[in-house]
Amino acid sequence: MNAEAIREFAKEEVYPTLAGRYEGREFSRDLWQKMGRAGLFKFLVPKDLGGFGGRPEELVAAIEAFVAGGQDPGLCLSWIVHLLIHTRVIASFGTPGQKEKYLPALISGERVGALAASEPGTGANPVKMRARAVRQDGAFRLDARKIFITNGPVADVVIVLARTGEQPSKENISAFVVEASTPGFRCAQRMELGYLNTSPHGELAFEGCEVPQDCMLGRPGDGHLRISRAVFGWERTLVTSGMAAAFGILLDHTASFLGGVQRTGVGGSEAGESRQAMREELAWFHVQLEALREMGRGLAAEVLRGFELDGRQMERLLFLGGSLNEWWERFVPFFERVSPPRDFPVPILMNDARILKVNLLLRSVQLGRIADSMMARRNG
(Lines give C-alpha, C1' and ligand atoms only; values in the text may rest on other atoms or scores of the structure.)
Protein backbone atom coordinates (compact mmCIF):
# COMPACT_ATOMS: atom_id res chain seq x y z
CA MET A 1 0.00 0.00 0.00
CA ASN A 2 1.69 3.20 -1.15
CA ALA A 3 1.58 6.57 0.59
CA GLU A 4 -1.09 8.04 -1.68
CA ALA A 5 -3.39 5.07 -1.10
CA ILE A 6 -2.88 5.43 2.66
CA ARG A 7 -3.70 9.13 2.46
CA GLU A 8 -6.95 8.31 0.67
CA PHE A 9 -7.76 5.52 3.13
CA ALA A 10 -7.27 7.88 6.07
CA LYS A 11 -9.27 10.62 4.39
CA GLU A 12 -12.20 8.26 3.76
CA GLU A 13 -12.12 6.09 6.91
CA VAL A 14 -10.35 8.03 9.66
CA TYR A 15 -11.23 11.71 9.16
CA PRO A 16 -15.05 11.36 8.98
CA THR A 17 -15.23 9.85 12.48
CA LEU A 18 -12.45 11.91 14.08
CA ALA A 19 -14.67 14.50 15.79
CA GLY A 20 -16.82 11.92 17.55
CA ARG A 21 -13.92 9.67 18.51
CA TYR A 22 -11.87 12.57 19.85
CA GLU A 23 -14.73 14.00 21.88
CA GLY A 24 -15.65 10.58 23.26
CA ARG A 25 -12.02 9.47 23.78
CA GLU A 26 -12.95 6.44 21.74
CA PHE A 27 -10.82 3.66 20.33
CA SER A 28 -12.72 2.09 17.42
CA ARG A 29 -12.15 -1.64 16.94
CA ASP A 30 -14.02 -1.45 13.67
CA LEU A 31 -11.66 1.21 12.32
CA TRP A 32 -8.65 -0.70 13.66
CA GLN A 33 -9.70 -3.81 11.76
CA LYS A 34 -10.17 -1.74 8.61
CA MET A 35 -6.58 -0.58 9.05
CA GLY A 36 -5.56 -4.21 9.31
CA ARG A 37 -7.44 -5.18 6.15
CA ALA A 38 -5.78 -2.27 4.37
CA GLY A 39 -2.37 -3.71 5.26
CA LEU A 40 -1.20 -1.00 7.67
CA PHE A 41 0.13 -3.53 10.16
CA LYS A 42 2.31 -5.34 7.62
CA PHE A 43 5.10 -2.76 7.30
CA LEU A 44 8.60 -4.04 8.09
CA VAL A 45 7.24 -7.48 9.00
CA PRO A 46 8.96 -10.12 6.82
CA LYS A 47 6.90 -11.67 4.05
CA ASP A 48 7.39 -15.18 5.40
CA LEU A 49 5.71 -14.02 8.63
CA GLY A 50 2.68 -12.53 6.91
CA GLY A 51 3.89 -8.98 6.32
CA PHE A 52 5.12 -7.37 3.15
CA GLY A 53 8.55 -6.29 4.39
CA GLY A 54 9.32 -3.08 2.61
CA ARG A 55 11.86 -0.36 3.20
CA PRO A 56 11.86 1.92 6.26
CA GLU A 57 11.39 4.92 3.96
CA GLU A 58 8.03 3.49 2.92
CA LEU A 59 6.81 3.36 6.52
CA VAL A 60 7.94 6.94 7.18
CA ALA A 61 6.04 8.09 4.09
CA ALA A 62 3.01 6.07 5.24
CA ILE A 63 3.00 7.75 8.66
CA GLU A 64 3.07 11.21 7.08
CA ALA A 65 0.32 10.27 4.62
CA PHE A 66 -1.87 8.82 7.37
CA VAL A 67 -1.67 12.03 9.40
CA ALA A 68 -2.20 14.21 6.33
CA GLY A 69 -5.32 12.30 5.31
CA GLY A 70 -6.85 11.43 8.68
CA GLN A 71 -5.52 14.36 10.76
CA ASP A 72 -5.53 12.05 13.77
CA PRO A 73 -2.09 11.99 15.49
CA GLY A 74 -3.52 9.95 18.37
CA LEU A 75 -4.59 7.00 16.25
CA CYS A 76 -1.28 7.29 14.43
CA LEU A 77 0.55 6.88 17.76
CA SER A 78 -1.48 3.76 18.55
CA TRP A 79 -0.58 2.40 15.12
CA ILE A 80 3.15 3.09 15.65
CA VAL A 81 3.12 1.38 19.06
CA HIS A 82 1.16 -1.65 17.82
CA LEU A 83 3.26 -2.10 14.70
CA LEU A 84 6.79 -1.32 15.87
CA ILE A 85 6.86 -1.62 19.64
CA HIS A 86 4.81 -4.81 19.70
CA THR A 87 4.38 -6.61 16.37
CA ARG A 88 7.85 -5.94 14.99
CA VAL A 89 9.42 -6.80 18.34
CA ILE A 90 7.78 -10.23 18.30
CA ALA A 91 8.76 -10.69 14.65
CA SER A 92 12.37 -9.78 15.51
CA PHE A 93 12.92 -11.43 18.89
CA GLY A 94 10.19 -14.05 19.21
CA THR A 95 10.55 -17.81 18.97
CA PRO A 96 8.97 -19.59 15.99
CA GLY A 97 6.12 -20.62 18.29
CA GLN A 98 5.52 -17.06 19.49
CA LYS A 99 5.52 -15.72 15.96
CA GLU A 100 3.06 -18.37 14.80
CA LYS A 101 0.80 -17.80 17.80
CA TYR A 102 0.63 -14.00 17.87
CA LEU A 103 1.57 -12.42 14.55
CA PRO A 104 -1.40 -13.39 12.34
CA ALA A 105 -3.99 -11.73 14.59
CA LEU A 106 -1.76 -8.69 15.20
CA ILE A 107 -1.14 -8.18 11.49
CA SER A 108 -4.82 -8.55 10.61
CA GLY A 109 -5.95 -6.05 13.25
CA GLU A 110 -7.97 -8.66 15.09
CA ARG A 111 -5.85 -8.05 18.18
CA VAL A 112 -4.17 -4.94 19.62
CA GLY A 113 -0.66 -4.92 21.06
CA ALA A 114 1.16 -2.76 23.63
CA LEU A 115 4.44 -2.63 25.53
CA ALA A 116 4.50 -1.98 29.28
CA ALA A 117 7.68 -0.42 30.63
CA SER A 118 7.01 2.83 32.56
CA GLU A 119 6.32 2.65 36.29
CA PRO A 120 5.08 5.12 38.92
CA GLY A 121 7.83 7.44 40.08
CA THR A 122 10.62 5.91 37.99
CA GLY A 123 9.42 5.99 34.39
CA ALA A 124 11.18 3.40 32.24
CA ASN A 125 14.49 3.58 34.12
CA PRO A 126 15.70 -0.06 34.08
CA VAL A 127 17.89 0.30 37.16
CA LYS A 128 14.95 1.50 39.27
CA MET A 129 12.37 -0.89 37.81
CA ARG A 130 10.32 -2.57 40.53
CA ALA A 131 8.41 -5.07 38.38
CA ARG A 132 9.52 -8.61 39.22
CA ALA A 133 9.21 -11.93 37.44
CA VAL A 134 10.22 -14.71 39.80
CA ARG A 135 10.72 -18.23 38.52
CA GLN A 136 8.66 -20.84 40.35
CA ASP A 137 7.29 -24.28 39.45
CA GLY A 138 8.34 -24.10 35.82
CA ALA A 139 6.78 -20.67 35.25
CA PHE A 140 7.25 -17.03 36.26
CA ARG A 141 5.21 -15.16 38.82
CA LEU A 142 4.82 -11.63 37.49
CA ASP A 143 4.07 -8.70 39.80
CA ALA A 144 4.13 -5.24 38.28
CA ARG A 145 2.38 -1.92 38.01
CA LYS A 146 2.83 -0.01 34.76
CA ILE A 147 1.51 3.46 33.92
CA PHE A 148 0.73 5.55 30.84
CA ILE A 149 0.84 2.50 28.60
CA THR A 150 -0.19 3.37 25.06
CA ASN A 151 -3.00 1.02 23.91
CA GLY A 152 -3.04 -0.41 27.45
CA PRO A 153 -6.82 -0.24 28.05
CA VAL A 154 -7.60 -2.00 24.75
CA ALA A 155 -4.62 -4.32 24.38
CA ASP A 156 -5.17 -8.04 23.88
CA VAL A 157 -1.47 -8.85 24.17
CA VAL A 158 1.15 -6.90 26.14
CA ILE A 159 4.93 -7.16 26.18
CA VAL A 160 5.90 -6.57 29.82
CA LEU A 161 9.37 -5.63 31.05
CA ALA A 162 10.27 -6.96 34.50
CA ARG A 163 13.34 -7.71 36.59
CA THR A 164 14.33 -11.39 36.61
CA GLY A 165 17.57 -11.05 38.57
CA GLU A 166 18.08 -10.25 42.23
CA GLN A 167 20.02 -7.05 41.68
CA PRO A 168 18.51 -3.93 40.07
CA SER A 169 20.44 -3.50 36.83
CA LYS A 170 19.97 -3.08 33.10
CA GLU A 171 21.23 -6.63 32.59
CA ASN A 172 18.45 -8.14 34.72
CA ILE A 173 15.45 -6.82 32.78
CA SER A 174 13.58 -9.43 30.71
CA ALA A 175 10.53 -9.24 28.46
CA PHE A 176 7.39 -11.39 28.55
CA VAL A 177 4.44 -11.71 26.18
CA VAL A 178 1.31 -11.66 28.36
CA GLU A 179 -2.26 -12.08 27.13
CA ALA A 180 -4.99 -9.90 28.57
CA SER A 181 -6.92 -13.01 29.62
CA THR A 182 -4.14 -14.08 32.02
CA PRO A 183 -5.45 -14.29 35.62
CA GLY A 184 -4.07 -11.43 37.69
CA PHE A 185 -3.71 -9.04 34.72
CA ARG A 186 -6.08 -6.10 34.56
CA CYS A 187 -6.28 -2.53 33.38
CA ALA A 188 -6.42 -0.69 36.71
CA GLN A 189 -7.62 2.53 35.12
CA ARG A 190 -7.63 4.54 31.95
CA MET A 191 -5.22 7.47 32.23
CA GLU A 192 -6.13 10.70 30.47
CA LEU A 193 -3.31 12.70 28.92
CA GLY A 194 -5.45 15.69 28.00
CA TYR A 195 -4.32 15.27 24.40
CA LEU A 196 -4.09 12.46 21.82
CA ASN A 197 -7.60 11.47 22.91
CA THR A 198 -7.93 8.76 20.25
CA SER A 199 -4.91 6.89 21.62
CA PRO A 200 -5.96 5.11 24.84
CA HIS A 201 -3.46 5.09 27.71
CA GLY A 202 -3.80 3.17 30.93
CA GLU A 203 -2.39 1.86 34.17
CA LEU A 204 -1.86 -1.89 34.01
CA ALA A 205 -1.64 -4.15 37.05
CA PHE A 206 -0.04 -7.61 37.09
CA GLU A 207 -0.75 -9.25 40.42
CA GLY A 208 0.62 -12.74 40.80
CA CYS A 209 0.29 -13.48 37.09
CA GLU A 210 1.54 -16.96 36.28
CA VAL A 211 3.39 -16.64 33.01
CA PRO A 212 4.67 -19.83 31.30
CA GLN A 213 8.39 -19.98 30.59
CA ASP A 214 7.77 -20.00 26.84
CA CYS A 215 6.28 -16.50 27.13
CA MET A 216 9.71 -14.97 27.68
CA LEU A 217 10.62 -12.88 24.65
CA GLY A 218 14.25 -13.35 23.63
CA ARG A 219 16.81 -14.37 26.21
CA PRO A 220 16.90 -13.49 29.92
CA GLY A 221 18.16 -9.93 30.19
CA ASP A 222 17.07 -8.90 26.68
CA GLY A 223 14.27 -6.68 27.97
CA HIS A 224 16.33 -3.52 28.16
CA LEU A 225 19.63 -4.38 26.50
CA ARG A 226 18.01 -5.33 23.19
CA ILE A 227 14.26 -4.71 23.10
CA SER A 228 13.79 -1.46 25.02
CA ARG A 229 16.78 0.17 23.35
CA ALA A 230 15.42 -0.70 19.93
CA VAL A 231 11.88 0.51 20.41
CA PHE A 232 12.88 3.85 21.97
CA GLY A 233 14.50 5.01 18.76
CA TRP A 234 11.81 3.57 16.50
CA GLU A 235 8.99 5.28 18.37
CA ARG A 236 10.62 8.66 18.93
CA THR A 237 11.65 9.16 15.32
CA LEU A 238 8.26 8.19 13.87
CA VAL A 239 6.29 10.24 16.41
CA THR A 240 8.42 13.21 15.38
CA SER A 241 7.61 12.56 11.71
CA GLY A 242 3.90 12.30 12.50
CA MET A 243 3.80 15.56 14.45
CA ALA A 244 5.79 17.37 11.77
CA ALA A 245 3.13 16.25 9.28
CA ALA A 246 0.43 17.66 11.59
CA PHE A 247 2.29 20.97 11.76
CA GLY A 248 2.37 21.00 7.97
CA ILE A 249 -1.44 20.87 7.97
CA LEU A 250 -1.65 23.86 10.31
CA LEU A 251 0.88 25.78 8.23
CA ASP A 252 -1.10 25.10 5.04
CA HIS A 253 -4.28 26.23 6.82
CA THR A 254 -2.58 29.50 7.76
CA ALA A 255 -1.27 29.99 4.22
CA SER A 256 -4.72 29.44 2.75
CA PHE A 257 -6.21 32.05 5.05
CA LEU A 258 -3.48 34.60 4.30
CA GLY A 259 -3.98 33.98 0.59
CA GLY A 260 -7.65 34.80 0.94
CA VAL A 261 -6.91 38.01 2.85
CA GLN A 262 -4.41 39.07 0.20
CA ARG A 263 -6.93 38.51 -2.61
CA THR A 264 -9.53 40.71 -0.91
CA GLY A 265 -7.04 43.57 -0.56
CA VAL A 266 -8.48 44.70 2.76
CA GLY A 267 -6.76 47.77 4.34
CA GLY A 268 -4.41 50.45 3.05
CA SER A 269 -0.64 50.62 2.59
CA GLU A 270 0.08 49.87 6.24
CA ALA A 271 -2.02 46.72 6.05
CA GLY A 272 -0.21 45.80 2.83
CA GLU A 273 3.18 46.12 4.51
CA SER A 274 1.96 43.99 7.40
CA ARG A 275 0.76 41.33 5.00
CA GLN A 276 4.12 41.36 3.23
CA ALA A 277 5.91 40.77 6.54
CA MET A 278 3.54 37.92 7.34
CA ARG A 279 4.16 36.40 3.91
CA GLU A 280 7.88 36.35 4.59
CA GLU A 281 7.35 34.84 8.04
CA LEU A 282 5.05 32.22 6.55
CA ALA A 283 7.66 31.28 3.96
CA TRP A 284 10.38 31.07 6.62
CA PHE A 285 8.25 28.77 8.77
CA HIS A 286 7.74 26.60 5.68
CA VAL A 287 11.46 26.45 4.88
CA GLN A 288 12.37 25.52 8.44
CA LEU A 289 9.66 22.89 8.79
CA GLU A 290 10.51 21.23 5.49
CA ALA A 291 14.19 21.09 6.45
CA LEU A 292 13.27 19.45 9.77
CA ARG A 293 10.93 17.02 8.04
CA GLU A 294 13.61 15.99 5.57
CA MET A 295 16.09 15.51 8.39
CA GLY A 296 13.51 13.47 10.27
CA ARG A 297 12.79 11.23 7.29
CA GLY A 298 16.45 10.39 6.87
CA LEU A 299 17.02 9.75 10.57
CA ALA A 300 13.87 7.61 10.94
CA ALA A 301 14.80 5.44 7.96
CA GLU A 302 18.31 5.01 9.36
CA VAL A 303 17.14 4.15 12.88
CA LEU A 304 14.49 1.71 11.65
CA ARG A 305 17.18 -0.35 9.93
CA GLY A 306 18.88 -1.13 13.23
CA PHE A 307 18.04 -2.18 16.75
CA GLU A 308 19.84 0.41 18.85
CA LEU A 309 20.47 4.14 18.70
CA ASP A 310 24.17 4.90 18.54
CA GLY A 311 25.55 8.09 20.06
CA ARG A 312 25.44 10.13 16.86
CA GLN A 313 21.86 9.07 16.11
CA MET A 314 20.79 10.01 19.64
CA GLU A 315 22.35 13.44 19.26
CA ARG A 316 20.55 14.01 15.96
CA LEU A 317 17.26 12.83 17.46
CA LEU A 318 17.67 15.24 20.38
CA PHE A 319 18.45 18.09 17.99
CA LEU A 320 15.49 17.23 15.79
CA GLY A 321 13.04 17.00 18.68
CA GLY A 322 14.29 20.20 20.27
CA SER A 323 14.24 22.08 16.98
CA LEU A 324 10.70 20.94 16.20
CA ASN A 325 9.55 22.12 19.62
CA GLU A 326 11.24 25.50 19.09
CA TRP A 327 9.57 25.77 15.68
CA TRP A 328 6.19 25.14 17.31
CA GLU A 329 6.75 27.65 20.09
CA ARG A 330 7.55 30.33 17.50
CA PHE A 331 4.72 29.33 15.20
CA VAL A 332 1.94 29.59 17.80
CA PRO A 333 2.34 33.38 18.33
CA PHE A 334 2.45 33.84 14.55
CA PHE A 335 -0.73 31.78 14.22
CA GLU A 336 -2.37 33.96 16.87
CA ARG A 337 -1.43 37.15 15.01
CA VAL A 338 -2.72 35.87 11.69
CA SER A 339 -5.90 34.57 13.39
CA PRO A 340 -7.12 32.04 10.83
CA PRO A 341 -10.39 30.24 11.61
CA ARG A 342 -10.11 27.56 14.30
CA ASP A 343 -12.54 25.21 12.65
CA PHE A 344 -12.31 21.44 13.13
CA PRO A 345 -9.78 19.82 13.21
CA VAL A 346 -7.44 22.75 13.99
CA PRO A 347 -8.09 22.58 17.78
CA ILE A 348 -7.31 18.85 17.78
CA LEU A 349 -4.00 19.29 15.98
CA MET A 350 -2.97 22.15 18.26
CA ASN A 351 -3.93 20.22 21.38
CA ASP A 352 -2.08 17.09 20.28
CA ALA A 353 1.11 19.14 19.87
CA ARG A 354 1.42 18.86 23.65
CA ILE A 355 3.13 15.52 23.12
CA LEU A 356 6.25 17.56 22.41
CA LYS A 357 6.50 18.22 26.14
CA VAL A 358 7.13 14.51 26.65
CA ASN A 359 10.02 14.78 24.21
CA LEU A 360 11.42 17.68 26.23
CA LEU A 361 11.44 15.56 29.40
CA LEU A 362 13.24 12.74 27.60
CA ARG A 363 15.64 15.24 26.09
CA SER A 364 16.55 16.58 29.53
CA VAL A 365 17.52 13.11 30.75
CA GLN A 366 19.55 12.29 27.65
CA LEU A 367 21.33 15.65 27.60
CA GLY A 368 22.34 15.08 31.21
CA ARG A 369 23.90 11.76 30.24
CA ILE A 370 25.74 13.33 27.32
CA ALA A 371 27.07 16.11 29.54
CA ASP A 372 28.29 13.57 32.12
CA SER A 373 30.06 11.63 29.38
CA MET A 374 31.66 14.77 27.97
CA MET A 375 32.95 15.88 31.37
CA ALA A 376 34.23 12.41 32.20
CA ARG A 377 36.24 12.33 28.96
CA ARG A 378 37.54 15.81 29.59
CA ASN A 379 38.67 15.00 33.09
CA GLY A 380 40.04 11.62 32.09
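All residue numbers refer to positions in the sequence shown, counting from 1. Because only heavy atoms are used, hydrogens play no part in the values below, and waters and symmetry mates are left out as well, while side chains stay in.
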Colleague: In terms of side-chain geometry, is the basic nitrogen of Asp222 or Arg229 positioned less than 4.0 Å from the acidic oxygen of its partner?
Modeller: no
Colleague: To the nearest 0.5 Å, how far apart are CZ in Arg293 and CD in Glu64?
Modeller: 4.5 Å
Colleague: Do side-chain atoms of Ser174 reach the backbone of Gly221 as a donor and acceptor pair under 3.5 angstrom?
Modeller: yes
Colleague: Between Thr237 (side chain only) and Trp234 (backbone N and O only), is there a donor and an acceptor less than 3.5 Å apart?
Modeller: yes
Colleague: Could you check whether Lys128 pairs with Glu119 (Lys NZ or Arg NE/NH1/NH2 to Asp/Glu carboxylate O, under 4.0 Å)?
Modeller: no
Colleague: With rounding to the nearest 0.5 angstrom, report the CG to CD distance, Leu75 to Glu13.
Modeller: 11.5 Å
Colleague: Backbone N or O of Gln98 within a donor-acceptor pair of the Thr95 side chain at under 3.5 Å?
Modeller: yes
Colleague: What's the separation between atom CD1 in Ile355 and atom CG in Leu77, rounded to the nearest 0.5 Å?
Modeller: 5.5 Å
Colleague: Run through Asn197, Thr198, Thr17 and flag the one making a side-chain hydrogen bond (donor to acceptor under 3.5 Å, both in side chains) with Asp72.
Modeller: Thr198
Colleague: Are any of the side-chain nitrogens in Glu192 or Arg25 under 4.0 Å away from the carboxylate oxygens of its partner?
Modeller: yes
Colleague: Find out whether the Lys NZ or Arg CZ of Arg7 is both under 6.0 angstrom from the six-membered ring centre of Tyr15 and within 45° of the ring's axis.
Modeller: no
Colleague: At their closest point, which heavy atom of Gly109 faces which heavy atom of Gln33, and how far apart are they?
Modeller: O-CG, 3.4 Å
Colleague: State, yes or no, whether a side-chain contact exists between Arg236 and Met314 at a heavy-atom distance under 4.5 Å.
Modeller: no
Colleague: Say you draw a straight line from CE of Met243 to CG of Leu349; how long is it, rounded to the nearest 0.5 Å?
Modeller: 7.5 Å
Colleague: Return yes if some donor-acceptor pair links the side-chain N/O of Asn351 with the main-chain N/O of Gly194 below 3.5 Å, else return no.
Modeller: yes
Colleague: Stepwise, does the salt bridge (charged side-chain N to carboxylate O under 4.0 Å, His left out) test hold for Lys357 with Glu329?
Modeller: CA-CA 11 Å; Lys357 299 303 180 184; Glu329 290 183 342; 3.4 Å; yes
Colleague: Okay, side chain of His86, backbone of Leu115: is any donor-acceptor separation there less than 3.5 Å?
Modeller: no
Colleague: Using 0.5 Å steps for rounding, measure from the CZ atom of Arg29 to the NZ atom of Lys34.
Modeller: 15.5 Å
Colleague: Could you report the tightest heavy-atom contact between Ala65 and Ala3, atom names first, then the distance?
Modeller: CB-O, 3.2 Å
Colleague: Please determine if Glu203 and Lys146 form a salt bridge, counting it only when a charged side-chain N lies under 4.0 Å from a carboxylate O.
Modeller: no
Colleague: Considering all heavy atoms of both residues, which atom of Leu217 and which atom of Gly94 are nearest to each other, and what is their separation?
Modeller: CD1-CA, 3.5 Å
Colleague: Taking only Lys NZ, Arg NE, NH1 and NH2, and the carboxylate oxygens of Asp or Glu, determine whether Asp143 and Arg130 approach each other closer than 4.0 Å.
Modeller: no
Colleague: Could you walk me through whether Tyr195 and Tyr22 pass ring-ring contact (aromatic ring centres under 6.0 Å, His included), step by step?
Modeller: CA-CA 9 Å; Tyr195 53 92; Tyr22 203 90; 9.8 Å; no
Colleague: Hey, is CZ on Arg190 packed in by over 12 heavy atoms from elsewhere, all under 6.0 Å?
Modeller: yes
Colleague: So, Arg132 and Glu207, do they make that salt bridge, N to O below 4.0 Å?
Modeller: no
Colleague: With a 4.5 Å limit on heavy-atom distance, are the side chains of Arg219 and Arg226 in contact?
Modeller: yes
Colleague: Could you go step by step and tell me if Leu304 and Val60 meet the side chain to side chain contact (heavy atoms under 4.5 Å, CB included) rule?
Modeller: CA-CA 9 Å; Leu304 286 169; Val60 178; 4.2 Å; yes
Colleague: In the structure I gave you, are the side-chain heavy atoms of Glu110 and Trp32 within less than 4.5 Å of one another anywhere?
Modeller: no
Colleague: Strictly distance-based, threshold 3.5 Å: is any side-chain N or O of Ser108 a donor or acceptor partner for the main-chain N or O of Ala105?
Modeller: yes
Colleague: Is there a side-chain contact between Val158 and Val177 (heavy atoms, below 4.5 Å)?
Modeller: no
Colleague: Please test Leu204 against Phe148 for side chain to side chain contact (heavy atoms under 4.5 Å, CB included), starting from the C-alpha separation and ending with a verdict.
Modeller: CA-CA 8 Å; Leu204 305 183; Phe148 291 112; over 6 Å; no
Colleague: Any donor-acceptor pair under 3.5 Å linking the side-chain atoms of Arg88 with those of Ser92?
Modeller: no
Colleague: When the aromatic ring centroids of Phe93 and Phe307 are compared, is their separation below 6.0 Å?
Modeller: yes
Colleague: Taking side chain as C-beta onward, heavy atoms only, is Leu84 less than 4.5 Å from Val89?
Modeller: no
Colleague: Is the backbone of Ser78 close enough, under 3.5 Å, to the side chain of Asn151 for a donor and an acceptor to pair up by distance?
Modeller: yes
Colleague: Check for a donor-acceptor pair, side chain of Thr254 on one end and backbone N or O of Leu250 on the other, with a separation under 3.5 Å.
Modeller: yes
Colleague: If a pair satisfies salt bridge (charged side-chain N to carboxylate O under 4.0 Å, His left out) and one of its residues is in residues 96-106, list it, with sequence neighbours excluded.
Modeller: Lys101-Glu179
Colleague: Which heavy atom of Ile173 sits nearest a heavy atom of Pro126, and at what distance?
Modeller: CD1-O, 3.7 Å
Colleague: Hey, can you pull the donor-acceptor pairs under 3.5 Å for the side chains in residues 37-53, sequence neighbours left out?
Modeller:
none

Colleague: Examine distances only and state if a side-chain atom of Glu58 and a backbone atom of Arg55 form a donor-acceptor pair shorter than 3.5 Å.
Modeller: yes
Colleague: Given the rule that I, L, V, M, F, W and Y join up when any side-chain heavy atoms are under 4.5 Å apart, are Ile107 and Ile63 in one cluster?
Modeller: yes
Colleague: Does either side chain, that of Arg316 or that of Gln313, offer a donor lying less than 3.5 Å from an acceptor on the other one?
Modeller: no
Colleague: Does a side-chain N-to-carboxylate-O contact under 4.0 Å join Arg312 and Glu315?
Modeller: no
Colleague: Of the options Phe140, Phe185, Phe206, which is the one that meets Phe176 in a ring pair (Phe, Tyr, Trp, His ring centres under 6.0 Å)?
Modeller: Phe140
Colleague: With a sphere of 6.0 Å drawn around CD of Glu23, does it hold more than 12 non-hydrogen atoms of other residues, nucleotides or ligands?
Modeller: no
Colleague: Return the CG to CD1 distance between Leu18 and Ile348, rounded to the nearest 0.5 Å.
Modeller: 4.0 Å
Colleague: Applying the side-chain contact (heavy atoms from CB on, under 4.5 Å) criterion to Gln71, which one of Asp352, Val14, Ile249 satisfies it?
Modeller: Ile249
Colleague: What are the two closest non-hydrogen atoms of Val338 and Met278, and how far apart are they?
Modeller: CG2-SD, 3.9 Å
Colleague: Are more than 12 heavy atoms from other residues, nucleotides or ligands located less than 6.0 Å from atom CD of Glu210?
Modeller: no
Colleague: Between Val211 and Val134, is there a shared hydrophobic cluster once you connect ILVMFWY residues whose side-chain heavy atoms come closer than 4.5 Å?
Modeller: no
Colleague: Report yes if some heavy atom in the side chain of Met350 is under 4.5 Å from a heavy atom in the side chain of Trp328; otherwise report no.
Modeller: yes
Colleague: Could you please spell out the steps behind the side chain to side chain contact (heavy atoms under 4.5 Å, CB included) verdict for His82 and Trp79?
Modeller: CA-CA 5 Å; His82 172 87; Trp79 173 26; 5.6 Å; no
Colleague: Show the nearest heavy-atom pair for residues Ser199 and Gly74, with the distance to one decimal.
Modeller: CB-O, 3.1 Å
Colleague: For the side chain of Thr182 and the backbone of Val178, is there at least one donor-acceptor N/O pair under 3.5 Å apart?
Modeller: no
Colleague: Test Ile90 against Leu106 for side chain to side chain contact (heavy atoms under 4.5 Å, CB included), laying out the working first.
Modeller: CA-CA 10 Å; Ile90 292 177; Leu106 292 169; 4.0 Å; yes
